Amino acid sequence: MFRLVILPVFSLLFLMGCSGGKEKGYFEEKVYDFGTIEENGGVVYHTFDFTNNTEGPFFITRVNSECGCITSDYTKTYVAPGESGTVTVGYDPWYRPGDFEKEIYIHHNVGIDTLRIRGFVKEFLHPVEEDHPYEYGAGLWMSLKVLAYGPMKEGEQKAILMRYANDSEQPMTLSFEIEGGDGNLIFDRPEPLAPLERRQMDLTYTMGGKFEGRRQYRIYPVVNGTKLDEALGLWVEYAE
């Protein structure tokens, strides 16, 4: 026995508008490789073309990405069947060295398409003071002037990340002399730095027994065997 199924007129129109009897493959190109780009070369752009392969109008509602490094512009008008439009994607490589691969989501009246860009950013040597703002002398620059551990409970540990740089043309050996310390600050002895080399280290403080008030002491860098006049400060308080 055959059953006759009658669909409402609006349902038929919806199906025809969505499919049009054709594949909804709007973007022929969905991945673009920028190759190698310079970090200080500014934003790079690529334009993806698309064609409306349906029998109804096509329009993009929004374009987004999960990375703030992505900008976009796109055709904001209705695209008639058989007509074409574009989505232009920009990538900002500033402070983003190394490999990258990003997804861009194209929301439109039929669904969502995903585009991808990728490439490699050649690192740019930024001026040392951009991320190492404190000059200690003898070519040594560091990102911190004070290690502020704040209130800590007994047995608690806190680690602070510090960046340091050799901004001289000579190799550098670096160590530290702690004045007024209590033995609770732990860090790995830095390895020798090549000229213009930059690194980072964790300085971990463990709260020992109870004490009153604020504990402070000074940490003097020693560069190539010479103790510098500028010191890194540290303060910590005992918390109940």
Side-chain angles (χ1 to χ4, degrees), residues 7-133 141 143 161-165 167 196-200:
L7 294 175
V9 173
F10 69 84
S11 297
L12 291 172
L13 291 175
F14 174 81
L15 293 173
M16 292 173 62
C18 288
S19 64
K22 297 182 180 180
E23 181 184 356
K24 305 186 214 50
Y26 303 103
F27 292 88
E28 292 187 7
E29 177 191 38
K30 289 196 172 185
V31 179
Y32 182 75
D33 192 332
F34 282 102
T36 299
I37 60 177
E38 300 288 339
E39 182 185 347
N40 63 334
V43 178
V44 292
Y45 297 93
H46 179 68
T47 297
F48 294 88
D49 297 314
F50 67 85
T51 301
N52 180 2
N53 292 327
T54 72
E55 295 177 358
F58 174 86
F59 58 92
I60 296 174
T61 56
R62 64 188 175 96
V63 175
N64 72 296
S65 174
E66 295 178 353
C67 181
C69 56
I70 300 293
T71 59
S72 63
D73 192 19
Y74 56 91
T75 300
K76 296 180 176 65
T77 57
Y78 283 83
V79 178
E83 297 296 320
S84 299
T86 60
V87 173
T88 299
V89 175
Y91 178 75
D92 184 358
W94 192 242
Y95 273 104
R96 297 181 176 94
D99 293 307
F100 69 91
E101 182 164 353
K102 303 296 179 183
E103 294 186 338
I104 302 95
Y105 306 105
I106 315 301
H107 303 258
H108 47 75
N109 60 312
V110 181
I112 300 175
D113 275 289
T114 301
L115 307 179
R116 288 181 176 84
I117 59 170
R118 61 191 179 205
F120 178 82
V121 178
K122 184 178 179 181
E123 185 174 8
F124 168 70
L125 188 64
H126 294 259
V128 67
E129 61 269 18
E130 284 189 14
D131 47 9
H132 305 76
W141 293 69
S143 61
L161 177 69
M162 184 176 70
R163 296 183 296 273
Y164 58 100
D167 199 44
L196 305 180
E197 186 177 6
R198 303 173 186 186
R199 292 188 185 173
Q200 61 187 32

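Because the structure is a prediction, the values reported are computed rather than measured.
Put simply, the side chain of I117 does not reach to within 4.5 Å of the side chain of E101, judged on heavy atoms. Between Y91 and V121, some side-chain heavy-atom pair lies under the 4.5 Å cut-off. When side chains are defined from C-beta on, V63 does not count as touching H107, because their heavy atoms never get closer than 4.5 Å. Looking at heavy atoms from C-beta onward, Y164 lies out of side-chain contact with R198 at the 4.5 angstrom threshold. In this structure, the side chains of I106 and L115 come closer than 4.5 Å at one or more pairs of heavy atoms. Taking 4.5 Å as the limit, every side-chain heavy atom of T114 sits out of range of all side-chain heavy atoms of I104.
For residues 59-71, no residue pair satisfies the salt bridge (charged side-chain N to carboxylate O under 4.0 Å, His left out) rule, not counting sequence neighbours. Residue pairs satisfying the salt bridge (charged side-chain N to carboxylate O under 4.0 Å, His left out) criterion with at least one member in residues 116-130, sequence neighbours excluded, are listed as follows: D33-R118, E103-R116. Among residue pairs with one or both ends in residues 84-118, none qualify as disulfide bond (SG atoms under 2.5 Å apart); sequence neighbours excluded. Among pairs with a residue in residues 41-54, none fulfils salt bridge (charged side-chain N to carboxylate O under 4.0 Å, His left out), at least two apart in sequence or across chains.
Across all non-hydrogen atoms, the minimal contact from C69 to K102 is SG-CE, 4.0 Å. Contact between S143 and P133 at its shortest, heavy atoms only, is CA-CD, 3.7 Å. When all heavy atoms of P57 and N52 are compared, the closest pair comes out as C-ND2, 3.8 Å.
For F34 and Y32, the distance between ring centers is under 6.0 angstrom. Aromatic rings of F100 and F120 (six-membered ring for Trp) have centroids beyond the 6.0 Å cut-off, not under it.
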Enumerate, atom names and distances included, each donor-acceptor pair closer than 3.5 Å involving a side-chain atom of residues 76-87, sequence neighbours excluded.
{"unit_1": "K76", "atom_1": "NZ", "unit_2": "D73", "atom_2": "OD1", "d": "2.6"}
{"unit_1": "K76", "atom_1": "NZ", "unit_2": "Y74", "atom_2": "O", "d": "3.4"}
{"unit_1": "S84", "atom_1": "OG", "unit_2": "T51", "atom_2": "OG1", "d": "3.2"}

Ignoring hydrogens and angles, write down the donor-acceptor pairs under 3.5 Å from the side chains of residues 36-43, residues two or more places apart or on other chains.
{"unit_1": "E39", "atom_1": "OE1", "unit_2": "F124", "atom_2": "N", "d": "2.7"}
{"unit_1": "E39", "atom_1": "OE2", "unit_2": "Y95", "atom_2": "N", "d": "2.9"}
{"unit_1": "E39", "atom_1": "OE2", "unit_2": "H126", "atom_2": "NE2", "d": "2.5"}

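Between the side chain of S72 and the backbone N or O of T88 there is no donor-acceptor pair closer than 3.5 Å.
Rounding to the nearest 0.5 Å places CD of E28 at 12.5 Å from CZ of F50.
Between Y26 and H108, the two ring planes are perpendicular [angle over 60°; tilted spans 30° to 60°].
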